[in-house]
Amino acid sequence: MPLPTPRSAEVIDAPVTLHAGHRLPGRLAAPDPGWTVTADVVVIGSGIAGLTAALRLKEELGPEGGKVLVVTKDRLAAGSTRWAQGGIAAALGPGDTPEEHELDTLVAGAGACDAAAVRALVTEGPAAVHELIALGAQFDRDPAGELSLTREGGHHRDRIAHAGGDATGAEIQRALIEAVGRAPEIEIIKRALAVDLVLSADGGVAGVTLHVMGEGQRDGVGMVRCRAVVLASGGLGQVFSQTTNPVVSTGDGMALALRAGATLRDLEFVQFHPTVMWLGADSVGQQPLISEAVRGEGAFLVDDAGTRFMQGQHELADLAPRDVVAKAIMRRMMETGRPHMWLDARHFGEEKWQRRFPTILATCRSHGVDPVTDLIPVAPACHYASGGVLTDLWGRTDVAGLYATGEVACSGVHGANRLASNSLLEGLVFSRRIAAVLPGELRPWSEPAYDDRPVGLVPGSIRRELQDVMSTRVGVLRHAAGLDEAAERLERLAGTSTDTVDLDAWETTNLLTLASALADAAALREETRGSHWREDFPERDDAAWSGHLDTTMREGTTGCTFVPAAPSDGPTGSPATDLPEATS
């Protein structure tokens, strides 16, 4: 049962436990490992964060410094990176500065950013992008040969570098995969689910168990003995019925870290992208994203009457931060009783659509909508987890030997609402930061300790109900009654169990673990901030809620703690002037 929460009149200046939590599996039921291999560092994930970490670690460790092994759940290109349409943000253009990028990031983050993390992102970002270009990524150029930069929501300057018009993620993924291909000393295990961390007697990393969905000596469950693990496993989008995330985004890394003793921070801040193509009320799973860059090029939102309803909502109108646009769309949907709004980019014409957004054009046409002549039906859908595994500025978690980077992590960069196109940059910058410190911090090889965490598994058959609960009760619009119902239904689902050990059950148990923690945080935060929108608490409340909600698990029981922090986007918050040196 929830404990008393802060009231709006209270000022909380020290951490306070808010929730007694839920009983959930502390370890996934799985067969004993049938095979064992060793690697000094295991990188879990093969998107921009994971492959950047692997390549940089290979360089920093040197030929004799240690073995790097990459684990990917499917093939190397199956994660979220290749779906990134808009681009990568950095102060690359004339007149732009890291300070301006920093300010836009802090404002979008609605006071919940870590200012020092944002400063690291924006100051190291340009060099990281140029390093990516040197690696072989080919970004679009203007006639003079300079990077072609565009603008997206929340940015006050053109600072989004893109490739192939709207295929930036695919180009970055291609370049990184080719670079890894030129480094045969980096071992790859494909089609493998990371099941659980193997812990030593001191609670630190001793290895990780995997289930390899293949044939041969590494089929089934095995164990990698290692000295460090870098989580780069992406987000949790499949918690919801409609998401832009691929099917592999089942939050495995976050759940694994929570069960191992790591802290998850800011789970309630799930960004719902405002312009996801509406395919019908019964459509579930991955939905087509209509990139914010389309609005950056001049497209605009209208309702059924053709009214441009973003005018007067924000100084940037259709290019307001994503939470502002998503809320405006939802309000107009509720006012009109319509299931979606419309995006108008008909004035682009065929040539511009083919040149700038060929992938989106083809996707729309495959669903019977021609954006050259038709309005595009759009509605918000789950897009990005701003929270995740809590890290410091160098990717360290509170489990010794465990690091995290990219969407799986909460570095503090995104706060309550990610600024458009900062996600690819975060993967680059913080993976480089991990590689700068990890070699000097490698733990000695340690033996696995006896693992007494409570073992469990829920059936994969509950997944559809879980997703429906999360979408209808913990989605874009939240209120106490719906959140209470969600808690009751998730508690009931947590009471189910299965003896069938398979991928569906493992993934669904991970989804249930994160859904329970996310719903708790959403119920506890009694304010509206960034991407967290409480209809019953419609205002931001810094006096009571400036800070973070941290979720932990001990012996299979979750708990939530409120950690106060000064807002980072107002007069009491100021950008960091110095960053700490990398130390061991």
Can you name the residues that form a ring pair (Phe, Tyr, Trp, His ring centres under 6.0 Å) with [X], not counting sequence neighbours?
X    : value
F139 : none
F309 : none
W353 : F348, F357
H273 : H383

- Message: Checking R322 against E292 for the salt bridge (charged side-chain N to carboxylate O under 4.0 Å, His left out) test, could you report, in this order, the C-alpha distance in whole Å, the side-chain angles of both residues, the deciding distance, and whether it holds?
- Response: CA-CA 9 Å; R322 287 177 177 173; E292 201 153 11; 2.4 Å; yes
Main-chain N/O of [Y] paired with [X] side-chain donor or acceptor, under 3.5 Å:
X    : Y    : value
Q286 : T244 : yes
K73  : A192 : no
Q271 : R418 : yes
Q287 : G285 : yes
H367 : V369 : no
S568 : C113 : yes
N417 : G530 : no
S421 : I160 : no
S531 : A416 : yes
E426 : L121 : no

Distance from [X] atom [atom1] to [Y] atom [atom2], nearest 0.5 Å?
X    : Y    : atom1 : atom2 : result
H532 : L518 : NE2   : CG    : 10.0 Å
M334 : L477 : CE    : CG    : 5.0 Å
L289 : I360 : CG    : CD1   : 6.5 Å

If you take all heavy atoms of [X] and [Y], which pair is closest and at what distance?
X    : Y    : result
V294 : A345 : CG1-CB, 4.2 Å
A89  : A420 : CB-O, 4.1 Å
V389 : M254 : CG2-CA, 4.1 Å
G253 : L231 : O-CD1, 3.6 Å
T168 : A161 : CG2-O, 4.1 Å
P371 : L361 : CG-CD1, 3.6 Å

Any side-chain heavy atom of [X] sitting closer than 4.5 Å to one from [Y]?
X    : Y    : value
E407 : S423 : no
I188 : V180 : yes
R265 : D114 : no
V408 : D252 : no
R463 : T250 : yes
L103 : D569 : no

- Message: Checking R308 against L301 for the side-chain contact (heavy atoms from CB on, under 4.5 Å) test, could you report, in this order, the C-alpha distance in whole Å, the side-chain angles of both residues, the deciding distance, and whether it holds?
- Response: CA-CA 6 Å; R308 295 185 60 176; L301 291 157; over 6 Å; no
- Message: Looking at K352, I want to see if its NZ is surrounded by more than 12 non-hydrogen atoms of other residues, nucleotides or ligands under 6.0 Å.
- Response: yes
- Query: Run the side-chain contact (heavy atoms from CB on, under 4.5 Å) check on I189 and T72 step by step: do they pass?
  - Reply: CA-CA 6 Å; I189 298 182; T72 182; over 6 Å; no
Could you tell me whether the side chains of [X] and [Y] share a donor-acceptor contact shorter than 3.5 Å?
X    : Y    : answer
Q467 : S471 : no
T150 : E297 : yes
D266 : S386 : no
H155 : R159 : yes

With [X], which residues qualify under side-chain hydrogen bond (donor to acceptor under 3.5 Å, both in side chains), at least two apart?
X    : answer
T528 : none
D304 : R338, W342
T405 : S431
R346 : D344

- Candidate pair R331 and E335, rule salt bridge (charged side-chain N to carboxylate O under 4.0 Å, His left out), full reasoning: CA-CA 6 Å; R331 286 193 189 100; E335 291 167 358; over 6 Å; no
Restricting to pairs with a member in [range], which pass side chain to side chain donor-acceptor pair (under 3.5 Å), not counting sequence neighbours?
range            : value
residues 368-378 : R365-D370
residues 48-57   : R56-E131
residues 134-143 : D140-H162

- Query: Can you check salt bridge (charged side-chain N to carboxylate O under 4.0 Å, His left out) on E268 and R478, steps first, answer last?
  - Reply: CA-CA 11 Å; E268 69 274 28; R478 300 165 178 173; over 6 Å; no
Answer yes or no: is there an ion pair linking [X] with [Y], defined by an N-O contact shorter than 4.0 Å?
X    : Y    : result
R174 : E178 : yes
D323 : R529 : no
R295 : D318 : no

- Residue pairs involving residues 236-257 (criterion ring-ring contact (aromatic ring centres under 6.0 Å, His included); sequence neighbours excluded):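 Passing the test, one end in residues 236-257: F240-F272.
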- Message: Is the ring pair Y384/H414 parallel, tilted or perpendicular, if the boundaries are 30 and 60 degrees?
- Response: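 Perpendicular: the ring planes of Y384 and H414 meet at over 60°.
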- Message: Run V129 and I88 through side-chain contact (heavy atoms from CB on, under 4.5 Å) and show every step you take.
- Response: CA-CA 8 Å; V129 173; I88 185 166; 4.0 Å; yes
- Apply the test side-chain contact (heavy atoms from CB on, under 4.5 Å) to residues I290 and C364: give CA-CA distance (whole Å), side-chain angles for both, the deciding distance (0.1 Å), then the verdict. CA-CA 9 Å; I290 308 299; C364 288; 3.9 Å; yes
